[in-house]
*Asks:* 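One structure follows; several queries about it will come next.
Treat the numbers as computed from the prediction; the structure is a model and nothing was measured.
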Amino acid sequence: MIQRLILLVLLLALTACSTTPLKPWERGHLAERSMAWEPDPLAAQLDEHVYFSKEASSGGAGTGGGGCGCN
Amino acid sequence: MMRLLTLLAGLMLAGTAMAVDVGQLAPKLDGPRLMYEQSISLDELKGKVVLVDFWASWCGPCKMSLPEFETLKQELVAAGNPDRFEILAVNLDEQPEDAKRFLRRYPVSYPIISDPEGRLPTRYNVPTMPTSFLIDGDGVVRWVHEGFRNGDTELFRTAILKLLEQ
Amino acid sequence: MSKPFKPRRPGPALTALTAAALALPAYQRAEAASRDEQAGVSVRASHYTEDALDRSQTAGDVTERFDITVGQAKGRLPVGQRFELSLDAAYETLSGASPWFIEPDENGEPVQVMSGATIDDARTDLLATVSRYGDRDTVSASVGTSREDDYLSYNLGLKWSRDTASRQTTWSLGASASDDVITPTDSDRFPLRPEEESKQSYSLVGSLSRILGKLTTWQTALSLRYLTGFLSDPYKQAFVDGTILADSRPDSRWQAALSTRLRRRVTWAQASLHADYRYFVDEWEVNSHTVKLAWHQGIGSRWELAPSLRYYSQSQAFFYRPFYLQERDDGLYSSDYRLSPYGALTYALSAHYQGEGWSLVGAVQRYDSEASLAIDSVGLANPGLVDFTLVSFGVEWRL
């Protein structure tokens with residue numbers, strides 16, 4: 001399962017390498033607020049903190065430092 | 001002939017991130033105006049110092065630069081250069097309506113070409129948004145500026161005044 | 001060709017309009033200056049209440065759990081042409097009872113025992129970050145602290161990201177470390193509680209973000225974390241063959257998370273689709289899958305409604321049991337629901353309004369966890385699994 005997933009991610013990375021570069025003036029759609037990784041950073045920070053304090057998992061793309069006594 | 005050479009050079013450079021460089025002849029610029037039912041071309045402005053500015057309404061620094069450019073133009077016109085300086089902007093919004101909405105709120109008095117297909121920035125190999133080209137009365141590119149940060153207006157004023165004094 | 005015209009300076013309204021584009025990573029925006037050129041402040045207030053436990057699965061009268069209020073503030077100030085300072089602050093108050101240990105009833109079914117007295121605590125977080133924006137590189141350094149009545153943490157972080165020449169790809173590398181001291185309250189009254197303990201954590205995160213076309217971006221990240229020291233919960237206990245022992249976990253924990261995120265603009269619908277996935281695995285044999293889907297629907301040019309759905313499933317830590325019928329050779333015990341096998345669903349809806357120079361956001365979310373939602377089947381469900389409803393409201397100003 002994990003091996004397959006890693007393979008999939010690597011495949012995606014390879015396909016990504018072959019895309020033709022987007023011109024600077026072609027990025028209007030990507031500049032939409034809703035296309036950001038986290039359009040609402042405060043909400044993302046809170047979610048991360050709440051899930052971190054209630055689930056065994058942590059880490060990922062947008063994670064920073066910090067901690068809490070909640071384990 | 002020079003135009004053709006420039007064009008060929010431009011074609012050869014296409015695909016690299018190099019913008020049209022200082023000392024080169026400015027590639028042809030023409031197209032329909034964004035806010036008026038007219039067309040305009042860079043050739044019509046021959047003899048004037050022209051600031052060509054590529055922008056889009058979705059680009060943050062571009063939106064910051066437009067009101068600054070307008071102030072600069074008013075200032076230069078008031079200083080006695082009405083026939084010697086002009087700004088020619090190229091808007092690259094895919095939906096021209098987005099640009100019009102922005103301009104209704106922050107109007108500018110200089111002409112803007114609407115180029116939703118991105119025909120013109122390809123000719124100039126625009127490396128980033130915004131990019132501005134300062135062109136002298138003979139149609140030669142004399143200064144290129146990439147991006148727009150707080151305080152950059154001063155750089156534009158200095159470059160334009162220097163060219164106007166020559 | 002020019003008309004009589006009064007020039008306007010960029011005011012707050014203009015800066016509000018630029019906000020949208022500036023929230024994005026540099027490479028996505030295609031601009032030379034990647035820093036947000038305006039100062040900004042955002043504040044947010046959130047409140048959530050954990051559902052009371054099922055009385056039939058609880059020993060004693062206390063079934064109410066925590067009631068939590070969080071205030072957050074974020075300020076950002078550009079300095080010169082290249083630098084930015086930002087400050088994040090959070091203040092959280094919590095009040096209520098929490099699961100203490102689990103005992104078997106006469107039928108061998110797990111029953112939750114809650115901490116008797118109401119616990120009141122407050123947490124204050126501060127984080128200061130300085131960033132330098134180069135033409136292609138962004139480097140930032142941060143220092144932070146988090147403190148509660150019984151807890152003090154300091155952390156440090158460094159991050160470096162670099163765009164490729166075509167601004168099609170961004171690589172980033174981050175490292176952080178934290179040093180925490182725990183001084184459990186009432187350790188004189190509860191002999192199983194330690195007086196003072198400490199733990200350290202070290203993290204490394206590498207990520208790769210790419211533009212896959214005019215409408216699509218994709219990111220993948222690998223994060224590694226090592227925790228060492230006192231990793232148990234000083235307020236939790238375990239039922240072991242008729243006696244109550246302190247929660248006791250290994251003193252080291254490696255964790256790894258592989259995550260991937262996709263953003264796709266759906267032009268005909270004036271919407272954006274977000275799809276996130278994370279696989280997590282750790283040294284305690286916990287592994288988890290997290291999938292989140294969100295649909296950001298634009299309505300006119302000012303409103304946005306975003307429903308989202310998150311699914312989470314984790315397996316248990318190797319030493320976890322709801323209760324222990326006999327002692328373990330390794331002396332490790334935890335009945336904490338957070339280390340139990342379960343699955344959870346989050347349903348959320350948020351609304352965003354863009355004004356001139358400010359924006360408003362409101363959100364609600366519902367979190368339901370159940371052993372039966374786990375991917376693998378679970379023998380004995382932990383009776384302390386948490387459910388909650390969260391509401392929050394925020395304002396952002398561009399200065």
*Asks:* Looking only at heavy atoms and a cut-off of under 4.5 Å, which of Arg310(C), His296(C), Gln314(C) has the most pairs with chain A?
*Replies:*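 That would be Arg310(C).
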
*Asks:* Does any heavy atom of chain A fall under 4.5 Å from the side chain of Leu390(C), the backbone, both, or neither of them?
*Replies:*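 Contact with chain A involves the side chain of Leu390(C) alone.
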
*Asks:* In terms of heavy-atom proximity below 4.5 Å to chain A, should Glu92(C) be classed as side chain, backbone, both, or neither?
*Replies:*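 Side chain only.
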
*Asks:* Any carboxylate oxygen within less than 4.0 angstrom of a Lys/Arg side-chain nitrogen, looking at Arg123(C) and Asp121(C)?
*Replies:*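 No, no charged N to carboxylate O under 4.0 Å.
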
*Asks:* Got a donor-acceptor contact below 3.5 angstrom from the Gln72(C) side chain to the Leu42(A) backbone?
*Replies:*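 Answer holds: yes.
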
*Asks:* Under a 4.5 Å cutoff for heavy-atom pairs, which residue among Gly157(C), Ser369(C), Ser272(C) has the most contacts with chain A?
*Replies:*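 If we count pairs closer than 4.5 Å to chain A, Ser272(C) comes out on top.
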
*Asks:* Using non-hydrogen atoms and a 4.5 Å limit, figure out which bit of Thr290(C) sits close to chain A: side chain, backbone, both or neither.
*Replies:*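 It is neither, since no heavy atom gets under 4.5 Å.
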
*Asks:* Considering only heavy atoms from C-beta outward, does the side chain of Tyr312(C) approach that of Thr346(C) to under 4.5 Å?
*Replies:*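 They are not in side-chain contact.
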
*Asks:* Run the side-chain contact (heavy atoms from CB on, under 4.5 Å) test on Asp40(A) and Arg33(A) for me, step by step, so that the C-alpha distance in whole Å, both residues' side-chain angles and the decisive distance to 0.1 Å come before the verdict.
*Replies:* CA-CA 9 Å; Asp40(A) 188 346; Arg33(A) 173 185 179 274; 4.3 Å; yes

*Asks:* Check the angle between the aromatic planes of Tyr367(C) and Phe388(C) and answer parallel, tilted or perpendicular using the 30° and 60° thresholds.
*Replies:*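 Tyr367(C) vs Phe388(C) ring planes: parallel.
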
*Asks:* Counting only heavy atoms closer than 4.5 Å, note whether Arg264(C) contacts chain A via side chain, backbone, both or neither.
*Replies:*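 Backbone only.
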
*Asks:* Chain A heavy atoms under 4.5 Å from Glu50(C): which part of the residue, side chain, backbone, both or neither?
*Replies:*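 Answer is side chain: those atoms of Glu50(C) sit under 4.5 Å from chain A.
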
*Asks:* With chain A as the partner, which of Arg147(C), Gln255(C), Gln365(C), Gln297(C) has the greatest number of non-hydrogen pairs under 4.5 Å?
*Replies:*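 Most heavy-atom pairs within the cutoff with chain A belong to Gln365(C).
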
*Asks:* Which region of Tyr154(C), side chain (C-beta onward) or backbone (N, CA, C, O), has a non-hydrogen atom less than 4.5 Å from a non-hydrogen atom of chain A, or is it both or neither?
*Replies:*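 No part of it gets close to chain A.
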
*Asks:* Report yes or no: is the cationic atom of Arg253(C) (NZ for Lys, CZ for Arg) under 6.0 Å from the centre of the six-membered ring of Trp284(C), at an angle within 45° of the ring normal?
*Replies:*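 Judged by the rule (NZ or CZ under 6.0 Å from the ring centre, within 45° of its axis), Arg253(C) counts as positioned above Trp284(C).
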
*Asks:* Give a yes or no on whether the ring-centroid distance for Tyr279(C) and His289(C) is below 6.0 angstrom.
*Replies:*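 Yes, close enough.
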
*Asks:* Identify which part of Asp88(C) has an atom lying under 4.5 Å from any heavy atom of chain A, answering side chain, backbone, both or neither.
*Replies:*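 Just the side chain, heavy atoms under 4.5 Å.
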
*Asks:* Which one wins on heavy-atom pair count under 4.5 Å against chain A: Leu215(C), Leu339(C), Asn287(C)?
*Replies:*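 Of the candidates given, the most pairs with chain A belong to Leu215(C).
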
*Asks:* Would you indicate whether the side-chain heavy atoms of Arg338(C) and Lys236(C) approach each other to under 4.5 Å?
*Replies:*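 In short, these two side chains touch, coming nearer than 4.5 Å.
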
